[in-house]
Amino acid sequence: MEDQRVQTCDVYRTDPDLPHRFNNPDCFHGYSQKNCHPLYRTSNQTYGSKRPTVHDIQTQFKGTSRQFSESMLRSGMYRDHGFNTSVERSKVMVSTATQKKRSDIHYLFCYGNQSNKQDENK
């Protein structure tokens with residue numbers, strides 16, 4: 001016995017201007033059953049691997065106006081052409097005085113006690 005294709009309008013009350021893809025859930029393609037290890041399978045993979053049924057598809061479609069997007073495409077995004085008067089400090093660069101202090105502290109930490117021991121041995 002051949003499967004009969006059930007449309008959304010046969011089961012639910014739908015809008016008259018509902019797009020074809022929502023009225024016929026059989027037109028959705030690309031859902032596959034990839035075999036992966038069950039330990040690594042997520043719930044999204046399980047849900048997304050199943051094709052939509054008549055009960056999953058929406059019965060209303062309210063399209064939005066593209067008026068704002070079309071005007072932005074024609075004119076381009078806003079760009080501030082004013083002067084940049086702020087001073088940006090690099091988080092990577094450190095002043096030479098700070099670098100000198102760090103190297104002195106490091107040297108004293110590593111070799112400071114050895115110089116005192118050499119003076120005592122003499």
Side-chain angles (χ1 to χ4, degrees):
M1 192 166 150
E2 187 177 325
D3 285 338
Q4 295 179 354
R5 295 184 184 228
V6 179
Q7 293 185 339
T8 309
C9 63
D10 296 338
V11 180
Y12 297 103
R13 186 178 346 155
T14 60
D15 284 345
D17 56 347
L18 189 70
H20 174 74
R21 67 182 182 271
F22 296 131
N23 202 19
N24 298 310
D26 293 329
C27 72
F28 287 96
H29 299 290
Y31 294 90
S32 64
Q33 294 285 351
K34 281 189 176 179
N35 293 332
C36 66
H37 195 276
L39 180 66
Y40 302 112
R41 189 161 182 88
T42 64
S43 58
N44 282 338
Q45 289 173 333
T46 304
Y47 178 76
S49 66
K50 297 177 183 162
R51 296 178 69 176
T53 63
V54 175
H55 308 291
D56 298 330
I57 293 195
Q58 59 193 28
T59 58
Q60 296 179 6
F61 181 75
K62 306 292 184 197
T64 58
S65 170
R66 295 186 182 181
Q67 182 178 3
F68 178 77
S69 300
E70 292 294 328
S71 66
M72 291 303 290
L73 284 173
R74 275 187 258 115
S75 64
M77 292 296 290
Y78 171 76
R79 183 171 178 193
D80 185 13
H81 294 286
F83 290 113
N84 184 6
T85 57
S86 64
V87 178
E88 295 179 4
R89 291 191 55 148
S90 174
K91 295 179 181 177
V92 176
M93 292 298 294
V94 181
S95 68
T96 55
T98 305
Q99 287 177 350
K100 175 80 171 117
K101 288 179 188 175
R102 285 183 183 170
S103 65
D104 290 345
I105 291 171
H106 179 72
Y107 180 80
L108 288 174
F109 179 76
C110 293
Y111 305 108
N113 293 338
Q114 290 180 1
S115 62
N116 291 339
K117 288 180 183 176
Q118 289 175 358
D119 292 338
E120 291 174 3
N121 291 338
K122 290 183 181 181

(request) Return yes if some donor-acceptor pair links the side-chain N/O of Asn23 with the main-chain N/O of His20 below 3.5 Å, else return no. (result) no
(request) Would you check if Thr53 and Pro25 make a side-chain contact, meaning some heavy-atom pair closer than 4.5 Å? (result) no
(message) Tell me whether the count of non-hydrogen atoms from other residues, nucleotides or ligands lying under 6.0 Å of OH in Tyr107 goes above 12.
(response) no
(message) With rounding to the nearest 0.5 angstrom, report the CZ to CD1 distance, Arg21 to Ile57.
(response) 10.0 Å
Please tabulate, for side-chain N and O atoms in residues 10-19, each donor-acceptor pair with protein atoms closer than 3.5 Å (sequence neighbours left out).
residue	atom	partner	partner atom	Å
Asp10	OD2	Gln7	N	3.3
Tyr12	OH	His55	ND1	2.8

(message) Just verifying a value: how many Å separate Asn44 CG and Ser49 OG, rounded to the nearest 0.5 Å?
(response) 10.5 Å
(request) State whether the side chain of Arg41 and the backbone N or O of Cys36 hold a donor-acceptor pair below 3.5 Å, judged by distance alone. (result) no
